[in-house]
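Report on the structure given below.
Each chain gets a letter, A, B and so on, in the order its sequence line appears, and its residues count up from 1.
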2 protein chains.
Amino acid sequence: MTQKNGPVEKVIPDIVIHRLPVYLRALDLMARQGKRITSSQELGERLGISSAQIRKDLSHFGEFGKQGTGYDVEYLRDQLRRILKVDRVWPMAVVGAGDLGHALANYKGFANRGFQVVAVFDADPAKIGQRIGGLVIESMDVLTERIAELGIRIGIIAVPAEAAQDVANRLIEGGVRAILNYAPITLSVPEGVRVEYIDPVLALQSMTYYLEPNEVETVVGS
Amino acid sequence: MTQKNGPVEKVIPDIVIHRLPVYLRALDLMARQGKRITSSQELGERLGISSAQIRKDLSHFGEFGKQGTGYDVEYLRDQLRRILKVDRVWPMAVVGAGDLGHALANYKGFANRGFQVVAVFDADPAKIGQRIGGLVIESMDVLTERIAELGIRIGIIAVPAEAAQDVANRLIEGGVRAILNYAPITLSVPEGVRVEYIDPVLALQSMTYYLEPNEVETVVGS
DNA sequence: TAGATTGTTAATCGATTAACAATC
DNA sequence: TAGATTGTTAATCGATTAACAATC
């Protein structure tokens with residue numbers, strides 16, 4: 001079927017989307033430091049990114065600066081918050097109440113950046129009913145219904161690798177459409193569900209490639 | 001100055017280096033599942049990567065497969081471990097003994113993937129001397145000398161953003177050349193020092209861009 | 001006005017993909 | 001042998017950078 005060329009919805013490269021939060025984080029810091037104006041060059045120097053790239057990235061969304069002057073820090077910050085839809089608070093569920101789950105549920109860095117953990121789940125009966133911060137740990141058995149009930153769209157997986165795919169399935173069934181996965185495994189999810197991965201080992205292994213081994217390395221032994 | 005064309009040290013794209021640990025992780029899993037042979041196509045399907053890309057990536061380092069058959073899982077895994085220099089155990093220091101520091105010091109996922117936390121530091125006098133797993137929390141005051149003493153090349157920063165740059169400086173002074181930074185701030189480091197960043201909020205914010213807001217969003221209020 | 005910096009275009013650079021000869 | 005899959009080349013695709021007119 002042939003279509004007339006309607007107004008083409010321009011798709012913005014995913015890699016650009018991934019840089020916007022970095023810009024936002026820097027602008028947040030500048031605003032806290034009382035800085036009122038910045039430029040693509042200054043921002044670029046702070047972040048190790050070229051000024052051209054910053055201007056190009058922003059140009060996908062509109063015009064936010066003023067020639068000869070630069071960008072109003074608070075204005076650009078607010079625009080990025082709007083674009084990224086973090087000009088609100090997204091409720092999130094954390095699954096897994098181990099060390100990592102605790103760290104996530106208590107993490108102060110979510111506040112003011114658009115997120116709040118509102119539910120924590122674990123499979124261990126001994127943990128259910130215990131408190132983390134202000135939250136009561138709930139059973140995995142009620143995960144799907146509770147996610148639906150609370151209208152939660154974002155889930156954080158902090159369970160062992162073996163359990164991660166099952167947790168993902170349940171989250172999605174409850175209505176989750178964005179998953180932050182700390183389990184060291186690639187998840188299989190349906191179209192329309194996004195997954196971001198955090199595996200410190202992957203980050204570390206990409207650095208050891210470049211590291212010069214030194215003499216005192218511990219040898220793998222038995 | 002003009003040079004004769006000597007044997008050119010081919011630089012492998014950083015983005016390729018970042019995919020190798022993902023391949024290694026998948027091969028580890030396959031090996032544990034008892035799989036002996038795989039192909040670029042199978043690996044690609046599991047990871048959501050094209051088979052051509054996998055073959056191209058591997059070709060930077062040599063020939064590891066057999067036409068008509070594919071790759072021996074354990075052999076390719078071992079080769080990737082060697083290339084990434086995780087065919088040994090790298091001692092690491094964790095700085096910051098909060099929730100996150102605890103989670104990192106206790107994390108079971110480092111073992112068998114090339115890493116071991118051998119020292120934990122914190123600035124809080126109340127925490128110094130306490131134990132996390134088998135480790136005693138040490139003072140930030142001795143960080144630099146202890147890093148040097150232990151020959152540590154990798155540091156993990158799990159302190160608040162305000163302290164992160166100072167911690168990075170001290171780690172580097174002690175001899176650290178690779179930093180995994182959990183603090184939500186871009187670090188400034190000298191040439192030759194690598195930094196990888198883990199900020200869950202950045203990952204989350206790049207997903208909310210694509211999320212459809214629903215009706216029940218909590219509104220930012222006072 | 002002179003100086004500075006944006007937004008945008010065009011050129012460059014680099015990464016991904018398609019295709020296939022080689023060969024197990 | 002027939003079928004399958006690698007390693008590699010060339011083509012395509014996409015992202016980054018350089019440059020500059022517009023303009024504050």
Side-chain angles (χ1 to χ4, degrees), chain A residues 8-24 26-27 30 35-80 83 186 206 209, chain B residues 8-24 26-27 30 35-80 83 186 206 209:
Chain A
V8 179
E9 189 63 34
K10 60 174 189 246
V11 175
I12 291 153
D14 192 54
I15 195 165
V16 172
I17 302 303
H18 277 79
R19 279 193 294 263
L20 298 186
V22 180
Y23 302 162
L24 173 54
L27 289 161
M30 285 178 177
K35 208 163 187 2
R36 304 188 85 86
I37 300 288
T38 189
S39 66
S40 58
Q41 188 173 6
E42 185 182 46
L43 206 43
E45 274 166 18
R46 286 216 193 188
L47 300 175
I49 289 176
S50 80
S51 62
Q53 179 155 85
I54 291 173
R55 293 197 302 279
K56 187 99 217 284
D57 285 352
L58 296 176
S59 75
H60 287 99
F61 303 95
E63 309 191 353
F64 305 108
K66 198 186 287 190
Q67 281 107 322
T69 310
Y71 303 91
D72 182 285
V73 171
E74 295 196 351
Y75 176 74
L76 184 55
R77 177 199 63 188
D78 291 345
Q79 291 302 307
L80 286 175
I83 292 164
T186 301
S206 70
Y209 171 80
Chain B
V8 179
E9 189 63 35
K10 61 176 186 244
V11 175
I12 291 153
D14 192 53
I15 195 164
V16 172
I17 301 303
H18 276 80
R19 279 194 294 263
L20 298 186
V22 180
Y23 302 162
L24 174 54
L27 289 161
M30 286 179 176
K35 207 161 188 4
R36 304 190 84 87
I37 300 287
T38 189
S39 65
S40 58
Q41 188 173 7
E42 184 183 47
L43 206 44
E45 276 166 16
R46 288 215 192 188
L47 300 175
I49 289 176
S50 81
S51 63
Q53 180 155 85
I54 290 173
R55 294 198 301 280
K56 187 101 218 281
D57 284 353
L58 295 177
S59 75
H60 287 99
F61 304 94
E63 309 191 353
F64 305 107
K66 198 186 286 189
Q67 281 107 321
T69 309
Y71 302 91
D72 181 286
V73 171
E74 295 196 351
Y75 176 74
L76 184 55
R77 177 199 63 189
D78 291 343
Q79 291 302 307
L80 287 175
I83 292 163
T186 300
S206 71
Y209 171 80

All stems with DNA chain D, defined as three or more consecutive Watson-Crick or G-U pairs under 3.5 Å:
C:3-24 with D:3-24

Atom pair CG/OG1 of Leu76(A) and Thr38(A) - distance to nearest 0.5 Å:
9.0 Å

Could you state the atom-to-atom distance from CD1 of Ile54(A) to P of dT17(D) in whole Å?
11 Å

Please determine whether a side-chain nitrogen or oxygen atom of Arg55(A) lies at a distance below 4.0 Å from atom OP1 or OP2 of dC20(D).
no

How long is the span from the CD atom in Gln53(A) to the OH atom in Tyr23(A), to the nearest 0.5 Å?
5.0 Å

Between Ala52(A) and Gly62(B), which has a closest nucleotide on DNA chain D that is more 5'?
Gly62(B)

Heavy-atom contacts, protein to nucleotides 9-14 of chain C, under 4.0 Å, summarised as B (base), S (sugar-phosphate only) or - (none) per nt, yield B-----

Closest approach of Leu58(B) and Phe64(B), non-hydrogen atoms and distance?
O-CE1, 3.4 Å

Find the distance Asp57(A):CG to dA15(D):C1' and express it as a whole number of Å.
10 Å

In residues 39-51 of chain B, what residues come within less than 4.0 Å of DNA chain D, judged by heavy atoms?
Ser39(B), Ser40(B)

Going by the rule side chain to side chain donor-acceptor pair (under 3.5 Å), which residues pair with Arg77(B) if we only count those two or more places apart in sequence or in a different chain?
none

Nearest 0.5 Å please: distance from the NZ atom of Lys56(B) over to the OG atom of Ser40(B).
14.0 Å

Using whole Å, report how far CD1 of Ile15(B) lies from P of dA15(D).
11 Å

Result block: side-chain N/O donor-acceptor pairs under 3.5 angstrom for residues 13-20 of chain B, not counting sequence neighbours:
| from | atom 1 | to | atom 2 | distance (Å) |
| --- | --- | --- | --- | --- |
| Asp14(B) | OD1 | Tyr210(A) | OH | 2.5 |
| Asp14(B) | OD2 | His18(B) | ND1 | 3.3 |
| His18(B) | ND1 | Asp14(B) | O | 3.0 |
| His18(B) | NE2 | Ser206(A) | OG | 3.3 |
| His18(B) | NE2 | Glu196(B) | OE1 | 3.4 |
| His18(B) | NE2 | Glu196(B) | OE2 | 2.7 |
| Arg19(B) | NE | Asp57(B) | OD2 | 2.6 |
| Arg19(B) | NH2 | Asp57(B) | OD1 | 3.0 |
| Arg19(B) | NH2 | Asp57(B) | OD2 | 3.2 |

Asp14(B) has an atom CG; how far is it from atom P of dT16(D), in whole Å?
13 Å

Winner on side-chain proximity to Gln53(B), out of dT8(C), dT16(C), dT16(D), is dT16(C)

To the nearest 0.5 Å, atom OG1 of Thr186(A) lies from atom CD1 of Ile49(B) at 8.0 Å

Of residues 66-79 of chain B, the positions that come close to DNA chain D - non-hydrogen atoms, cut-off under 4.0 Å
Lys66(B), Gln67(B), Gly68(B), Thr69(B), Gly70(B), Tyr71(B)

Chi angles and distances behind the side-chain contact (heavy atoms from CB on, under 4.5 Å) call for Tyr71(A), Leu43(A):
CA-CA 10 Å; Tyr71(A) 303 91; Leu43(A) 206 43; 5.8 Å; no

Leu58(B) has an atom CG; how far is it from atom P of dG7(D), in whole Å?
7 Å

Spacing of Ser50(B) atom OG and Gln41(B) atom CD [to the nearest 0.5 Å]
10.5 Å

Which label fits Phe61(A) and Tyr209(B): parallel for a plane angle under 30°, tilted from 30 to 60°, or perpendicular past 60°?
perpendicular

Point-to-point distance, once rounded to the nearest 0.5 Å, from CG of Asp72(A) to CG of Asp78(A):
8.5 Å

Verdict with reasoning, Ser51(A) to Arg55(A), per side-chain contact (heavy atoms from CB on, under 4.5 Å)
CA-CA 6 Å; Ser51(A) 62; Arg55(A) 293 197 302 279; 3.4 Å; yes

